[in-house]
Student: 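I have a structure I would like to understand better, so I am pasting it below and will then ask my questions one at a time.
In this chain, residues are counted from 1 in sequence order. All ligand and atom numbering here is 1-based and tracks the order in the structure.
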Amino acid sequence: MSLSAIPSDRLRAAVDRELAAIPFIDLHTHLFMPSLGAVGLWGIDELITYHYLEAELFRSSDVTPAQYFALSKTEKADLIWRTLFVENAPVSEATRGVIAVLSAFGLPTSGDLKEARAFFAGRRLESHIKDVFRLAGISEVAMTNDPLDPDEAPMWEAGAERDAQFHAVLRLDRILNKWDQHWRVLQAKGYDVAADGTGNTVSEVRRFIARWCEIMRPVYMACSLPDTFAYPENSLRAKFLSEAVLPACREAGIPMSLMIGVRYLVNPALRLAGDAVGKADLRSVERLCVDFPDNRFLISVLSRENQHELVVYARKFANLMPFGCWWFLNNPSIVEEMTRERLEMLGTSFVPQHSDARVLEQVIYKWRNTRRTLGPILANTYQLLSEDGRGVTAEDIRRDITRLFRGNFETFTGIAKGAAKGAAERQTSCLRAV
Ligand code: FIX
Ligand code: ZN
């Protein structure tokens, strides 16, 4: 690897070369390893009926949500394809994504879906996953695994076969956000819990989490939270978080991921597409980092207006790792703004992006978009560094991109050495090295 400084006019090409060469780790997806069967979504009809496209359908069609959800999967896909890809130009980020996947497999990007359906029907999942990860430039993904999901949980309890390309993540939304609806499931499994959280409830929830850590061996625990999330708070959620979840994270040596800022189901008729965004009070994050210095927090916030605060908090707390341009932020114009600000204020001590893919092939376009957006931003950053008097080598670029899209996640979770226990001491020393 040449250690000589790269001339300014060749920085962009050098950055693009390294971005293309380094396989990324996708730290948050809703994808599933093959042994979890039908809960994993892939193929053209799943791509087109993605909830991002459902939201866009209702803006360009007279069909009502009730009429739409009464259709079969194929009928839904045909309606969305006709409305957003034939009768209108697919210029939105999500529709362009489908076009990018079709062209990645050399499939027609206009006309009907016959050829695409035949193509995907002929694919074998295991080899298809390998092809998709290669096309996306990723080596592995973190799943979103719900121990209370009636379809997924029994497969884990039956000993679902692990796959090194898929890291498990213990998702706790049903316990932290919907206890009133789910406490009986734990009771039915023999846990001595109560609706109002009294008695042994907290220690039993902790026992439940510890049991699922044994089953899943998660790389982190996670929960999405509303824009109204508050900590400290006189609530069961705050109690479970401080007395069950965070102690369990410390015991397992893994971080807690908080994804904050959702306004759930502002339009319930749209189902998964019905959520919106709200600005959150991030002083909760400040208090969590102060009150739990031995816990590590992987944090993503949904509101554009919260981004600056989060970056500033990351400068104050080494146990906070900001990640991704989540959901409604995952658009090139906003990704650019957020990434520039993070580079300027955090150097390379953050994770720029995750895909949030719900359908396997989505990683292809989501990571292509990220590389396309990051190329000019990183090249410009190195341009400024050279102008300020320090030449940039290919080794610098490779080290930085590896850290942004692999190293920070591996170190913060401890997966690098596979020894979650040792993560805590490694984490602080690494961040302090920046
Ligand atoms: O909570 C989450 O993990 C969100 O990413 C999802 O619930 C959301 O529906 C989504 O798909 C965002 O991209
Ligand atoms: Zn998600």
Student: Under the 6.0 Å and 45° cation-pi test, does Lys76 pair with Tyr68?
Tutor: yes

Student: When you check the gap from the basic side-chain N to the acidic O, do Arg96 and Glu93 get nearer than 4.0 Å?
Tutor: no

Student: Hey, does the Lys NZ or Arg CZ of Arg271 hover above the aromatic six-ring of Phe69, less than 6.0 Å from the centre and inside 45° of the axis?
Tutor: yes

Student: Quiz question: by atom type and distance under 3.5 Å, do the side chains of Gln353 and Asn330 form a donor-acceptor pair?
Tutor: yes

Student: Quick one: the NE2 of His28, the Zn ion (ligand 2), NE2 of His30 angle, rounded to 10°, please.
Tutor: 110°

Student: Between ligand 1 and the protein, which N/O pairs fall short of 3.5 Å?
Tutor:
residue, atom, partner, partner atom, Å
ligand 1, 1 (O), Arg171, NH2, 2.7
ligand 1, 3 (O), His28, NE2, 3.1
ligand 1, 3 (O), His30, NE2, 3.1
ligand 1, 3 (O), Arg171, NH1, 3.0
ligand 1, 3 (O), Arg171, NH2, 3.3
ligand 1, 5 (O), His30, NE2, 3.4
ligand 1, 5 (O), Trp326, NE1, 3.0
ligand 1, 5 (O), Asp356, OD1, 2.9
ligand 1, 5 (O), Asp356, OD2, 2.9
ligand 1, 7 (O), Arg358, NH2, 3.3
ligand 1, 9 (O), His51, NE2, 3.2
ligand 1, 9 (O), Arg358, NH2, 3.0
ligand 1, 11 (O), His51, NE2, 3.0
ligand 1, 11 (O), Arg358, NE, 2.7
ligand 1, 13 (O), Tyr52, OH, 2.5

Student: Would you say the side-chain atoms of Gln362 pair up with the backbone N or O of Val359, donor to acceptor, closer than 3.5 Å?
Tutor: yes

Student: For Phe405, does the six-membered ring have the charged nitrogen or CZ of Arg371 within the cation-pi criterion, i.e. under 6.0 angstrom from the centroid and within 45° of the normal?
Tutor: no

Student: Name the one of Trp327, Trp326, Tyr52 that satisfies side-chain hydrogen bond (donor to acceptor under 3.5 Å, both in side chains) with Asp356?
Tutor: Trp326

Student: How is the N/O/S atom of Asp356 that comes nearest to the Zn ion (ligand 2) named?
Tutor: OD1

